[in-house]
Amino acid sequence: MRITVFRKQMAGEFGSVRGEMVAQDHVLSALGGLTPDQALESGVPPKEIWLAVCDAFDVPEQRR
């Protein structure tokens, strides 16, 4: 998954504003206490981050 696809998935699931807020502000234990944006900057694959977000927010399997 590319970062652009990750951003589109976030916007599609949460809306553009909330998706950006989740990426900037929501700390995920599955990412070692990083926010999604911090994890991207640290080199964590976007797909791994997306799945961590999905788990944290109970996104249904068909939208993962």
Undergrad: Taking a hydrophobic cluster as the set of Ile, Leu, Val, Met, Phe, Trp and Tyr residues connected by side-chain heavy atoms closer than 4.5 Å, whether directly or through intermediates, do Ile3 and Leu31 fall within one such cluster?
TA: yes
Undergrad: Between atom NE2 of His26 and atom CG of Leu34, what is the distance when rounded to the nearest 0.5 Å?
TA: 12.5 Å
Undergrad: Throw together a table of side-chain donor-acceptor distances under 3.5 angstrom for residues 38-48, partners on residues two or more places apart or in other chains.
TA:
from, atom 1, to, atom 2, distance (Å)
Gln38, OE1, Thr35, N, 2.9
Gln38, OE1, Thr35, OG1, 3.4
Ser42, OG, Gln38, O, 3.0

Undergrad: With side-chain contact (heavy atoms from CB on, under 4.5 Å) as the test, would you mind laying out the steps for Val22 and Phe57 before giving the verdict?
TA: CA-CA 10 Å; Val22 168; Phe57 287 89; 3.8 Å; yes
Undergrad: Quick one: do Asp25 and Arg18 make a salt bridge, cutoff under 4.0 Å?
TA: no
Undergrad: Give the C-alpha distance, both sets of side-chain angles, the deciding distance and a yes or no for side-chain contact (heavy atoms from CB on, under 4.5 Å) between Val53 and Val59.
TA: CA-CA 8 Å; Val53 169; Val59 173; 5.6 Å; no
Undergrad: Check whether Leu28 and Met1 end up in the same hydrophobic cluster, where Ile, Leu, Val, Met, Phe, Trp and Tyr are linked by side-chain heavy atoms less than 4.5 Å apart.
TA: yes
Undergrad: Just wondering, do Pro36 and Trp50 contact through their side chains at under 4.5 Å, heavy atoms?
TA: no
Undergrad: Using the salt bridge (Lys or Arg N to Asp or Glu O under 4.0 Å) criterion, which residues pair with Arg63? Sequence neighbours excluded.
TA: Glu13
Undergrad: Can you list everything that forms a salt bridge (Lys or Arg N to Asp or Glu O under 4.0 Å) with Glu61? Sequence neighbours excluded, please.
TA: Arg64
Undergrad: From Lys8 NZ over to Arg2 CZ, what is the distance, rounded to the nearest 0.5 angstrom?
TA: 11.0 Å
Undergrad: Answer yes if Ile49 and Met21 sit in the same cluster of Ile, Leu, Val, Met, Phe, Trp and Tyr residues linked by side chain heavy atoms under 4.5 Å apart, and no otherwise.
TA: no
